[in-house]
Amino acid sequence: MSHNRPMTMPSAVSKTLLEHADTNPGSPAVNFQAEAPPTDAPPIDAPRERPMTTIAATAVQPDVIPRADTKTATDSSRAFSSTLGDISCLNPRMQCRDVDVWYADKQAIKNISLDIGRNEVVSMIGPSGCGKSTFLRCLNRMNDSIPSARVSGSIKIDGQEILDKHVDVVPLRARVGMVFQKPNPFPKSIYENIAYGPRIHGLTNHRTELDELVETSLRKAGLWEEVKDRLDQPGTGLSGGQQQRLCIARTIAVSPEVILMDEPCSALDPIATAKVEELIDELRTNYSIAIVTHSMQQAARVSQRTAYFHLGDLIEVGTTEQIFNQPQHRLTEDYITGRFG
Amino acid sequence: MTLPLLLLLILVAMALAYQLVRKQAIKNVGGVSGIKQLHSLPAYYGYYAALWVGIPALLILLVWFGLHDRIITALMIEQMPASLTAEQSSGQVSLIINDIKNLATGNITSGRITEDIQATADHYARLRDIAQMTLWGLIMAATLAGMSLAWRRAKPEFRARNRVENTVLVVMVVFSSIAIITTLGIVLSVLFESILFFQEIPWTQFFFGTEWSPQIALRSDQVGASGAFGTIPLFTGTLLISAIAMLVAVPIGLLSAIYLSEYAAPAVRGIAKPVLEVLAGIPTVVYGFFAALTVAPYIRELGDSLGLHVASESALAAGLVMGIMIIPFVSSLSDDVINAVPQSMRDGSHALGATQSETIRRVIFPAALPGIVGGILLAVSRAIGETMIVVMAAGMAANLTANPLDSVTTVTVQIVTLLTGDQEFDSAKTLAAFALGLTLFVVTLILNIIALHIVRKYREQYE
């Protein structure tokens, strides 16, 4: 797996580039191809299920890669706060601008701006403690339950601000559902697990409507065939992968617009993971999905856009192909090539 | 005098053995640098020696204290002149033996001292001295033998650690069996007395009779001579008071547990929870006079102002105060169970747009319910067994009533009244206490088993 374009640059060059790029973002910088030996860059762990040719094709399209010429790098210094790449998208469902989160005195995420588009999967990657889960939890205000957490900035869903204290979280969370790292079905029957959300929001009038809703939700989550004969059995009795799909079905049942997934497959085996990923891909046709993952292969497989977080900063955003093939920032590159300490 | 000295000797010998054998083990591998060659750390060889010195010696001491008196007495009786015991009843013989022992120890004797008695007493004293010497000898021998055994075994390949840990295990098993055996002994003693009771009073009367008046006639023509041993009024009284107590304790305890675990800020919780648990630390007799002197009069006045007749000692007063006493049982156990519901359940519910109260009502409470029920059942056993409050606040009259304003009595109170004062153990009145105790024990045992079973079942749910 060789690559046309080398991805690393000597760190001396990158130091000089730092000032350069900040002051003069538009100017073309150094020609790296000349400076960096071609064998220096280990190839990126390419997405398994996508043919290499597609990636190569998109990678050489200059239009697809925003600001490709402003290749910037830093050491681990915190000298920047702006994000590389295009944080916005054409048809945004949610727009986050300058979001800061503090836990007591510690700032967990800094100045994050990111859009989540309609019918797309945005994956958030980054080392542990980089704030990606914190950011995800801002999107449906799950951080409210942490007494020391403070959130500032602006997050809009369909143009409507959600961070305002006067915004009721109940309808918000019905619109922005969440699936957690560990499957957490309620210790109730499979049916009751799905019916829980519709009941508290009063979505159905009759038992038959509820029955239908439960069935459609389970069908959408690809679980109906496996559980239709045992809807009255406890949801905790399912296998891990089934439990996670049950939780997805439970989220779908309240017809959200956005689904947040916080490492949804980290507790699952590869087969269950594959099923959930397949499901995520299908769900994209109806929902916007933001997924936090530690598996870069997973990010590459399921997402259209990828955001790389590092120590509370959003370092780089771009199409998944671009992030994985032509990361603009050295930190991103170090992370996806596995060189990150 | 002898015993403390002996114990001291054993302790010193153990300490000595520890040091010596530990050093020997190190020496056997050629000093500290060779410790790695030892199977176990040197200290384990020391512990091993200490155990070998201490345990046999202590066992000898135990056996000796259990048997020496009997053996010496038997030896002495063998040597006693026949004239002393001839034509005497067994009671008189034991009196003489007592005299002899007293004489030997220099105490006051009851009868005249003949030459024979004096001679036997001398013999007894001699025997005792010999026994004493034997004991010292035996213990010294045992400690020395133990030490030399351990000394010889302090070789690098010897698995001292495993031996020591096994011994520790055995010691712990022995100690935990003491608790179990004691319980068993209590149950058996109550059981045997109850069997005696049921030989005098038919069990049908005991369990189904509606009248309780446990008098036994001293003379056959006495007024009210026949006792009645129907326990239904007692169990009704117990049930009534416990029910009132639970009516107070369950809502208050449960709601405070929910508040503390779900709503309260950590600072509030840090203060409120210990304060609530202080209620469990108040002696029940304090609750008792609080009930009798404060609550009962208040209830009576309140009842009078409403035109109700309230007995000065009422089930209500006792039940209310007992309920207060039990609150910490319910709240503490429920709080634990509610906290044991994983945070992921709360997150899952909140993420679906459920409010805090919906989450508690529909997810947390059902999930915690088995544990809460278990906690409540444990509290019920506590209420049934409670005595002091009821003695002081609910009275002694065995009324068969469901009116909380009446005075009632409970099983435990009757046990207390049956057993206070001088008793004769062949009368049904006294034995009735054991039958009541046994019944109560069985009832609370069943409740506890159910409670523990439910709690255990609940625990398995999230694992």
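Just so you know, these numbers come straight off a predicted model, no measurement behind them. Residue numbering restarts at 1 for every chain, and letters A, B, ... go by the order of the sequence lines.
- With a 4.5 Å cut-off on non-hydrogen atoms, A:Val179 does not touch chain B at all.
- The number of heavy-atom neighbours closer than 6.0 Å to CG of A:Asp164, taken from other residues, nucleotides and ligands shown, is above 12.
- Within a 6.0 Å sphere centred on CZ of B:Phe207, other residues, nucleotides and ligands contribute more than 12 heavy atoms.
- Put simply, NE2 on B:His350 and CG on A:Asp144 are 10.5 Å apart, with the number rounded to the nearest 0.5 Å.
- For residues 343-364 of chain B, the salt bridge (Lys or Arg N to Asp or Glu O under 4.0 Å) pairs, not counting sequence neighbours, are B:Glu262-B:Arg346.
- The NE2 atom of A:His201 lies 6.5 Å from the CG atom of B:Leu352; values are rounded to the nearest 0.5 Å.
- Closest of all the heavy-atom pairs between A:Lys188 and B:Pro366 is NZ-CG, 4.3 Å.
- Rounding to the nearest 0.5 Å gives a distance of 8.5 Å between OG of B:Ser344 and CZ of A:Phe180.
- Distance OG1/B:Thr359 to CZ/A:Phe186: 7.5 Å, rounded to 0.5 Å.
- Closest approach of A:Pro187 and B:Met345 over heavy atoms only: CD-SD, 3.5 Å.
- In this structure, chain B has heavy atoms under 4.5 Å from both the backbone and the side chain of A:Arg250.
- The environment of NZ in B:Lys273 is crowded: more than 12 heavy-atom neighbours from other residues, nucleotides or ligands sit within 6.0 Å.
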